[in-house]
Protein chains: 2
Amino acid sequence: MARWEPNAVGRLTEAAMALFTERGYSQTTVGDIATRAGLTERTFFNHFSDKREVLFAGSELFTQLIVDAVRAAPRSAKPLDAVLAAYEATDAFFEGRRPFARQRYALISAHPELQERELVKMLSVAAAVAEVLEQRGVSKAAASLASELGSAILRVGFDQWCKDKKDRSLVFHLRAARRQLEAVVGRPQARSRARTTA
Amino acid sequence: MARWEPNAVGRLTEAAMALFTERGYSQTTVGDIATRAGLTERTFFNHFSDKREVLFAGSELFTQLIVDAVRAAPRSAKPLDAVLAAYEATDAFFEGRRPFARQRYALISAHPELQERELVKMLSVAAAVAEVLEQRGVSKAAASLASELGSAILRVGFDQWCKDKKDRSLVFHLRAARRQLEAVVGRPQARSRARTTA
DNA sequence: ATGGTGATTGCACAAACTGTCATCAGGAGG
DNA sequence: CCTCCTGATGACAGTTTGTGCAATCACCAT
């Protein structure tokens, strides 16, 4: 028999997501969240360094997942391909949590404070990825570039994945985004539709 | 004869940069900054929505500068080239403020709270750029991708620019970063000697 | 002089954190 | 069975951030 109700972090996270969804982020106090989880404000701050972090618990695990996947990529892979392969490896992870991921994404998109935190988290993943790439012999600048480009592709792909009414996989959307890249950076494109004058 | 000392925003910014540099961000209270600028805490919050914003005054102007430059890019330019040309257009802007920009960059790099803010600002620029690209007929996904890729290149280039002991121009570093891109993404049918300069 | 304007300020207050110390059930070891 | 240790929890006081509201005060147009 546990001395306290188990999984305090999980309960706090759940309470926070519910309250943020119901009344919005700034209309919810840390006290509200704690109470709903059957805990106190002080205990909330024992588990999370600040109010935003409640939606980012376990992000280190995610980082580790990615980093390991990059390490596992064949040494022959070009930097960007290694990074994208790593992101594709998260497909199963997300597939099992689609409703959760969607709600969380909606919350974060709706609240600038949360978006800020999301961005640093992504940058921190990118930084970790870049470091692994460097260990694989990629120059510092190229490593940054590859990891950030990967981030951008993930962002675009993930956005599509969240909105996709057909529930296609993350891998599908990542590859679609990757293909877009060629339209952006690649050889001259003959697309001149939409002549919005001035 | 002005009724108050002029340029409150400038004085607050200067005071904040000095104090953040001296004692660090979190060791500096808003009251400290205001006092040093000869004002009160309340007045600080009349000018800035929060403590972090003091280092980001005028960022809308910067956004506008970029957006206008993208609009001015030739319609034949590929998305990424249009974006990069726009960032290159900020060269003069930064060249005149190198010491300031370096100190500010060091501060932001050293303080996660400030980095968060920096990232949303960059994302907001990227979003504005993406919108312009869409108006130019680029698909939504490609526009996001091009603008974010541009951001990544700017980040890498700017970082090099700040560290460059030889004080080479931002344009120089942007182009160097751009060239790195090819090492990263690889070129399926590369070898085309096509000129990529805008 | 009269009243409007707009930057500034004082005051009160909610909410976000922080540091410190007390509590209290269970497990380890005697 | 008893005791000590541990670690999550909570009470409490204090600082800092940020907001709303009203008052001030010199300049300025009429």
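In what follows, chains are A, B, ... by sequence order, proteins preceding strands, each numbered from 1.
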For this session: Can you figure out which of dG10(C), dG10(D), dA7(C) approaches the side chain of W4(B) most closely?
Result: dA7(C)
Problem set entry | Stacked cation flag R102(B) on F100(B), 6.0 angstrom / 45 deg | no
Exercise. T43(A) side chain N/O closer than 4.0 Å to the phosphate oxygens (OP1, OP2) of dT9(D)?
Worked result: no
For this session: Would you kindly give the CZ-to-C1' distance between R117(A) and dA16(C), to the nearest whole Å?
Result: 13 Å
Exercise. For the residue pair F158(B) and Y105(B), does the interplanar ring angle fall in the parallel (under 30°), tilted (30 to 60°) or perpendicular (over 60°) class?
Worked result: perpendicular
Problem set entry | Min side-chain heavy-atom separation R178(B)-L84(B) under 4.5 Å | yes
Exercise. So what does S26(B) touch, heavy atoms closer than 4.0 Å: a base, only the sugar-phosphate, or nothing?
Worked result: nothing
Exercise. Hey, are K121(A) and E53(A) close enough for a salt bridge, meaning a charged N less than 4.0 Å from a carboxylate O?
Worked result: yes
For this session: Provide, to the nearest angstrom, the distance between the CD atom belonging to E116(B) and the P atom belonging to dT17(D).
Result: 16 Å
Exercise. What is the distance from CD1 of I33(B) to P of dT16(D), rounded to the nearest Å?
Worked result: 12 Å
Exercise. Counting any heavy atom closer than 4.0 Å, what does T29(B) reach on the DNA or RNA strands: base, sugar-phosphate only, or nothing?
Worked result: sugar-phosphate
Exercise. With a distance cut-off below 6.0 Å to the six-membered ring centre and an angular limit of 45° from the axis, does K51(B) pair with Y25(B) as a cation-pi contact?
Worked result: yes
For this session: Starting at atom CZ of F44(B), determine the distance to atom C1' of dA7(C), rounded to an integer number of angstrom.
Result: 16 Å
Problem set entry | Distance in angstrom units between L12(B) CG and dT17(D) C1', rounded | 16 Å
Problem set entry | Under-4.0 Å side-chain N/O to phosphate OP1/OP2 contact, H47(B) with dA7(C) | no
Problem set entry | Heavy atoms of other groups near E14(B) CD, more than 12 under 6.0 Å | no
Problem set entry | Atom-to-atom span, CZ of R11(A) to C1' of dA8(D) - whole angstrom | 11 Å
Exercise. Do other residues, nucleotides or ligands put more than 12 heavy atoms under 6.0 Å from K140(A) NZ?
Worked result: no
Exercise. Over how many whole Å does the gap from E5(B) atom CD to dG6(C) atom C1' extend?
Worked result: 17 Å
For this session: Please state how far atom CG in N46(B) lies from atom C1' in dA23(D), giving the value in whole angstrom units.
Result: 14 Å
Below 3.5 Å is the cut-off: list the nitrogen or oxygen pairs between protein and nucleotides 17-21 of chain C, distance only.
{"residue": "dC17(C)", "atom": "OP2", "partner": "K51(A)", "partner atom": "N", "Å": "3.1"}
{"residue": "dG19(C)", "atom": "N7", "partner": "R42(A)", "partner atom": "NH2", "Å": "3.1"}
{"residue": "dG19(C)", "atom": "O6", "partner": "R42(A)", "partner atom": "NE", "Å": "2.6"}

